Amino acid sequence: MSEAEFLGYAGSLAVAGLLFLILAVFGLGQGLVLRVLDVLLGLAFLGYAGYLMVAAPDEPFMTWLVHLTPAAGLVVALTARRRARARLRRLEEEHSAKPYAGQEAAVTTERQPYPSPPAPLDPSAPAAKRKPEAATPDGGKSTGVASPAMPSGLPKEAPAG
């Protein structure tokens with residue numbers, strides 16, 4: 001393996017690790033499980049790139065899957081973002097509509113003014129006849145001032161005796 005291939009491989013590992021960590025930080029509509037997986041993959045890729053640069057083994061483990069993994073991660077993140085945006089749009093449409101928008105009230109009668117109040121409240125109505133004065137506590141003698149009975153029907157003062 002040439003020095004350029006080795007540095008290119010280690011560099012692609014580092015870039016893939018940084019990409020996964022950026023996806024984990026921004027989320028892009030991914031759930032918790034996918035974000036944790038992004039963190040783990042990012043740390044693994046960066047760790048292996050660091051190991052290759054420090055240890056410089058003669059025969060490093062190389063695979064072409066290193067270049068497919070970040071692409072798959074981007075596809076998953078962008079799909080999750082599109083689904084999250086569609087979910088938000090659907091929720092906005094459901095909650096921004098007027099309530100009962102499809103049920104317009106059919107107005108078939110014309111509005112009428114309020115009717116005139118009943119006779120006791122109408123100032124032009126004839127006055128009601130007065131009730132006879134209630135009996136006074138002094139044996140029926142009238143003092144000229146009416147003494148109305150209590151709401152219970154009992155006199156205001158108890159009779160003496």
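Fair warning: this is a prediction, and the values are worked out from it, not measured in the lab.
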Flag the pair Tyr48 / Val66 as yes when at least one side-chain heavy-atom distance between them is below 4.5 Å, and no otherwise.
-> no

Determine yes or no for a side-chain-to-main-chain donor-acceptor pair under 3.5 angstrom, with Arg35 supplying the side chain and Ala24 the backbone.
-> yes

CD-CG distance between Gln30 and Leu78, expressed to the nearest 0.5 angstrom = 9.0 Å

Looking at residues at least two apart in the chain, or sitting in another chain, which of them share a side-chain contact (heavy atoms from CB on, under 4.5 Å) with Pro57?
-> Tyr51, Leu52, Ala55, Pro60

Taking Val36 as the fixed residue, which of Val39, Val33, Leu32 is the one that meets the side-chain contact (heavy atoms from CB on, under 4.5 Å) rule?
-> Leu32

Rounded to the nearest 0.5 Å, the CD atom of Glu92 sits from the CD atom of Glu94 at a distance of 11.0 Å

Atom pairs and distances, side-chain donor-acceptor, residues 15-23, under 3.5 Å, sequence neighbours left out:
none

Spacing of Leu28 atom CG and Arg83 atom CZ [to the nearest 0.5 Å] = 14.5 Å

Can you name the nearest heavy-atom pair linking Ala49 to Ala14, along with the distance?
-> CB-N, 3.8 Å

Between CG of Leu46 and CG of Leu41, what distance do you get to the nearest 0.5 Å?
-> 11.0 Å

